[in-house]
There are 2 protein chains.
Amino acid sequence: MSTVFKALSDPTRRRVLELLRERPMTAGELAAEFDVSKPTMSAHFTVLKDANLVDATKDGKSVIYRIKLSVLEDALLGFAAAFGLCSTSDTEKEETG
Amino acid sequence: MSTVFKALSDPTRRRVLELLRERPMTAGELAAEFDVSKPTMSAHFTVLKDANLVDATKDGKSVIYRIKLSVLEDALLGFAAAFGLCSTSDTEKEETG
DNA sequence: TCGTCAATTAGCTAATCGTCTAATCATGAG
DNA sequence: CTCATGATTAGACGATTAGCTAATTGACGA
């Protein structure tokens with residue numbers, strides 16, 4: 001949980017996720033969208049991988065990154081539901097204490 | 001946005017929010033729930049205040065903290081909605097498109 | 001086997017974070 | 001005013017973070 005929020009706390013990484021929401025992209029394609037060096041982007045990818053928010057698969061010389069929406073959903077909506085902020089079908093509960 | 005996610009990235013601060021979800025509490029009451037020093041807790045409160053996730057009001061010698069659910073909701077659900085994970089503005093309704 | 005390209009690792013720096021103790025501020029009681 | 005209490009500020013310290021350049025790895029094509 002901490003790793004997810006930590007990953008989301010950086011604007012660059014949030015933007016990466018938004019880009020991946022459109023379609024899977026290679027590390028190079030993603031890096032081209034930002035003003036920082038490729039090694040820096042690689043570090044961001046590692047943070048996202050550690051948070052289990054993206055999936056990396058090798059394709060020839062490239063690495064294709066895909067967003068894992070279910071993990072993002074679990075973290076965000078699960079946490080929100082704990083505060084009664086969202087009704088995720090089965091996650092609604094009544095804290096009687 | 002970054003400040004909110006950064007605030008949520010620490011387990012102590014998430015727990016503070018969960019406690020405040022039950023009822024408003026003073027800094028001392030909150031600090032008593034954790035194993036860290038009061039100045040450390042005060043620093044956590046500052047992070048939460050900077051993220052606009054809590055509100056602090058002075059009451060005599062004490063300071064009462066209250067959660068600002070609407071801000072948490074805005075950040076979490078707003079971001080989730082950007083990924084099609086939750087309905088945009090109707091928390092009652094199902095997906096409207 | 002080489003050379004090239006995509007990506008990551010290695011090594012470094014500056015800044016930020018979480019934590020502590022000690023000191024300070026602010027309020028209410030005597 | 002003086003003291004005690006609740007809370008924050010000041011200052012320090014180790015760990016982590018985001019960033020860079022340079023070097024390395026891994027997968028092609030010639």
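Everything quoted here is computed from the prediction, not taken from an experiment.
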Protein-nucleotide distance ([X], atom [atom1]; [N], atom [atom2]), rounded to Å:
{"X": "A:Met41", "N": "C:dA6", "atom1": "CE", "atom2": "P", "answer": "16 Å"}
{"X": "B:Lys58", "N": "C:dT27", "atom1": "NZ", "atom2": "C1'", "answer": "7 Å"}
{"X": "B:Lys49", "N": "D:dT9", "atom1": "NZ", "atom2": "C1'", "answer": "11 Å"}
{"X": "A:Asp59", "N": "D:dC28", "atom1": "CG", "atom2": "C1'", "answer": "12 Å"}

- Of A:Lys38 and A:Lys6, whose closest DNA chain D nucleotide lies nearer the 5' terminus?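 Final value for this comparison: A:Lys6.
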Take A:Gly60 and A:Asp35, find for each the nucleotide of DNA chain D with the closest heavy atom, and name the residue whose nucleotide sits nearer the 5' end.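 The answer here is A:Asp35.
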Are any non-hydrogen side-chain atoms of A:Val16 and A:Met41 less than 4.5 angstrom apart?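 Yes, their side chains come closer than 4.5 Å.
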Give one of base, sugar-phosphate or nothing for [X], where a contact means two heavy atoms less than 4.0 Å apart.
{"X": "A:Thr26", "value": "sugar-phosphate"}
{"X": "A:Ala27", "value": "sugar-phosphate"}
{"X": "B:Ser62", "value": "sugar-phosphate"}
{"X": "B:Tyr65", "value": "sugar-phosphate"}

Per atom distances to the B:His44 side chain, the nearest of C:dT19, D:dT8, D:dT21 is C:dT19
Looking only at side-chain atoms of A:Phe45, point me to the closest of C:dT8, D:dA27, D:dT8.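 Selected nucleotide (nearest to the side chain): C:dT8.
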- prompt: Is the distance from OP1 or OP2 of D:dC20 to the nearest side-chain N or O of A:Ser37 less than 4.0 Å?
  reply: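 It does, given that an N or O in the side chain of A:Ser37 lies less than 4.0 Å from OP1 or OP2 of D:dC20.
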Notebook entry, point to check: When you check the phosphate oxygens OP1 and OP2 of C:dT8, does a side-chain N or O of A:Ser42 lie under 4.0 Å from one of them?
Noted result: yes
Checklist entry - So, are A:Arg21 and A:Glu18 salt-bridged, with charged N and O less than 4.0 Å apart? => result no
task = First locate atom CZ of B:Phe34, then atom OG1 of B:Thr12, and finally report the distance between them rounded to the nearest 0.5 Å.
result =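 Reported to 0.5 Å precision, the distance equals 6.0 Å.
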